[in-house]
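Counting starts at 1 for both ligands and their atoms, in listed order.
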Amino acid sequence: MLVLAIETSCDETSAAVLRAIDVPAAAPEVLSNIVLSQDEVHAPYGGVVPELASRQHIKTIAAIVSEGLARAGVGLEAIDLYAVTQGPGLIGSLLVGLSFAKGLAYYHKKPLVGVDHLEAHLEACFLENPGIAYPVLGLLVSGGHTALYLMGEPLSYKLLGKTRDDAAGEALDKIAKFLGLGYPGGPVIEKLGRLGNPKTFPFAVPRTKDRSLDFSFSGLKTAALKHIREHGIVKDDARLPDFLASFEGVVARTLVDHVRSAADQVQPKSVVLCGGVARNTRLRTRFQDFAREAGLDAYVPSPKLCTDNAAMVGAIALKKFARRPALVTDLDLDAYAR
Ligand code: KG4
Ligand code: ZN
């Protein structure tokens, strides 16, 4: 079975073709996974401009889907199943992918599976490691979301905690924007902070008052802005690497501390880390170190599967379809922002 998957929830236009082998026992084979980033479009604004994002998707979606098919070496007539992100995300962006996928499915009389973007991010971990042992504790950390899930079995997600204000990626993006370092902030902070000493600037790991598993990054952002003002840190400052390393370090510590608390509570067999911020080396290392100490199996997708991509959408659609094939002739699928 061949699936064509489309992802346009935010500022990446992506199309992927996957071949199902023996879902869910074996992971599908990713024949292509094309991702066109809109970073250049949004960089001047220091963040994603929703109106520009949807217009850009409209301009590029047909070419990206064609490229996905060409790289996979298949034509539309060979596709058995269509998959698309329904939400959450920017509504205008989501509607571009959804409408495009509906059109293809309708014309070719093939089923269409709508996919949740957050569940797709978690699925990226299983795409490379189909045998992850349940129960699985998952940390999803991206530009729009920071959340902890307990997965007792495939396709089951219990939310254990989420951010009460900014997402971790959003905090990185905002500090980078404030310093005039460009967008997206995470990669540039990682690059410039690589050689910095993360112990230079004292940041305390934030805790919610009720000691819940919820996250809060707005306090950290305020603390960072205070350091910037008090120490007069600017874009070309010699102290910038130390400052960025310190900020990135406390974000990573905060995330992994929450995973540790959640693991104490729910006693998982495995832990997984996903979402755009999971590309971050400091976070990946800290997460793996924690898992080793705790005696847990840890999985982090390869960097390309951490940021938004259609392969993860196709992978979860195949699992959903294998479980409930009847569901998918539905052309009434609607997008949802949250
Ligand atoms: O998952 P994603 O592509 O889109 C959302 O669903 O939000 O994540 C984008 C986020 C941005 O906030 C970006 O700054 C962050 O991921 N990011 C990183 C790195 N690469 C991307 N954060 C830290 N280190 C990185 N290397
Ligand atoms: Zn995402």
Side-chain angles (χ1 to χ4, degrees), residues 5-14 16 33 35-39 42-43 45-48 50 53 57 84-90 93-94 97 115-125 138-147 149 162-163 166-179 181-194 196 198 215 217 220-221 244-245 247-256 272-287 300-313 315-316 337-338:
I6 294 175
E7 151 69 41
T8 61
S9 67
C10 188
D11 61 338
E12 262 94 30
T13 318
S14 181
N33 186 21
V35 181
L36 180 66
S37 153
Q38 302 180 356
D39 286 353
H42 303 290
Y45 307 93
V48 178
H57 286 305
V84 68
T85 307
Q86 261 185 286
L90 301 172
S93 292
L94 288 161
V115 161
D116 183 277
H117 183 68
L118 309 182
E119 295 177 7
H121 268 302
L122 288 161
E123 190 61 29
C125 306
L139 172 63
L140 160 62
V141 55
S142 72
H145 303 273
T146 303
Y149 294 90
K162 64 177 172 34
T163 183
D166 290 346
E170 193 178 356
L172 294 166
D173 292 341
K174 284 181 176 167
I175 292 303
K177 180 179 180 180
F178 189 79
L179 287 165
L181 302 175
Y183 172 84
V188 70
I189 288 179
E190 168 151 46
K191 187 166 162 244
L192 297 176
R194 188 163 286 146
F215 300 83
F217 285 97
L220 264 189
K221 193 184 61 191
L244 296 179
F247 185 59
E248 190 188 79
V250 70
V251 169
R253 277 202 317 278
T254 304
L255 293 167
V256 175
V272 301
L273 172 66
C274 62
V277 182
R279 289 178 78 114
N280 186 271
T281 307
R282 215 179 286 275
L283 174 60
R284 293 169 87 94
T285 309
R286 207 166 246 285
F287 181 78
V300 190
S302 51
K304 192 178 174 191
L305 291 176
C306 289
T307 25
D308 291 348
N309 69 89
M312 65 187 192
V313 174
I316 193 163
R338 40 180 81 243

Checklist entry - For G275, does its backbone N or O pair with a side-chain atom of S142 as donor and acceptor, under 3.5 Å? => result no
Checklist entry - Minimum heavy-atom separation for C306 to R279, with atom names? => result CB-CG, 3.7 Å
Checklist outcome for this item: Output field for angle at the Zn ion (ligand 2), D308.OD1 vs H117.NE2, rounded to 10°, should show 100°
Checklist entry - Are T13 and Q38 side-chain neighbours, meaning at least one heavy-atom pair lies under 4.5 Å? => result yes
Checklist outcome for this item: The protein heavy atom nearest to atom 9 (C) of ligand 1 is G143 N, 3.7 Å
Next on the checklist: To check you understand the geometry: which heavy-atom pair defines the closest contact between G185 and A176, and what is its length?
Outcome noted: CA-CB, 3.4 Å
Checklist outcome for this item: re atom 11 (C) of ligand 1, the protein heavy-atom contact at minimum distance is D173 OD2, 3.6 Å
Checklist entry - With respect to atom 21 (C) of ligand 1, which of G186, G276, A252 exhibits the smallest heavy-atom separation? => result G276
Next on the checklist: Tell me whether the rings of H121 and H117 are parallel (<30°), tilted (30 to 60°) or perpendicular (>60°).
Outcome noted: perpendicular
Item to check | Identity and distance of the protein heavy atom lying nearest atom 2 (P) of ligand 1 | outcome: D308 OD1, 3.4 Å
Next on the checklist: Within the structure, is a non-hydrogen atom of H145 found at a distance of less than 4.0 Å from ligand 1?
Outcome noted: no
Next on the checklist: Which heavy atom of K304 sits nearest to which heavy atom of V35, and what is that distance?
Outcome noted: CE-CG2, 4.2 Å
Next on the checklist: Heavy atom to atom 24 (N) of ligand 1, shortest distance: which of L283, N280, L118, T307 holds it?
Outcome noted: N280
Next on the checklist: Can you confirm, on distance only, whether ligand 1 has an N/O atom lying under 3.5 Å from any N/O atom belonging to H121?
Outcome noted: yes
Checklist entry - Can you tell which part of L172 has a heavy atom less than 4.0 Å from ligand 1: side chain, backbone, both or neither? => result side chain
Checklist outcome for this item: Minimal heavy-atom distance between R284 and S302, with the atoms involved, is NH2-CA, 4.1 Å
Checklist entry - Quick one: which ligand 1 atoms are inside 4.0 Å of a heavy atom on G169? => result 12 (O)
Checklist entry - How close do G186 and D173 get, heavy atom to heavy atom, and via which atoms? => result N-OD1, 3.5 Å
Checklist entry - What is the closest protein heavy atom to atom 15 (C) of ligand 1, and at what distance does it sit? => result V277 CG2, 3.9 Å
Next on the checklist: Run T254 and F217 through side chain to side chain contact (heavy atoms under 4.5 Å, CB included) and show every step you take.
Outcome noted: CA-CA 9 Å; T254 304; F217 285 97; 4.1 Å; yes
Checklist outcome for this item: The atoms of ligand 1 lying under 4.0 Å from a heavy atom of G144, numbered in the order shown, are 7 (O)
Checklist entry - Is ligand 1 under 4.0 Å from a heavy atom in the side chain of E248, in the backbone, in both, or in neither? => result neither
Checklist entry - For atom 26 (N) of ligand 1, what is the nearest protein heavy atom, given as residue, atom name and distance? => result E190 OE1, 2.7 Å
Next on the checklist: Could you report the tightest heavy-atom contact between E190 and N280, atom names first, then the distance?
Outcome noted: OE1-CA, 3.6 Å
Checklist entry - Does the shortest distance from the Zn ion (ligand 2) to an N/O/S atom of C10 fall below 2.8 Å? => result no
Checklist entry - Heavy-atom contact under 4.0 Å between G185 and ligand 1? => result yes
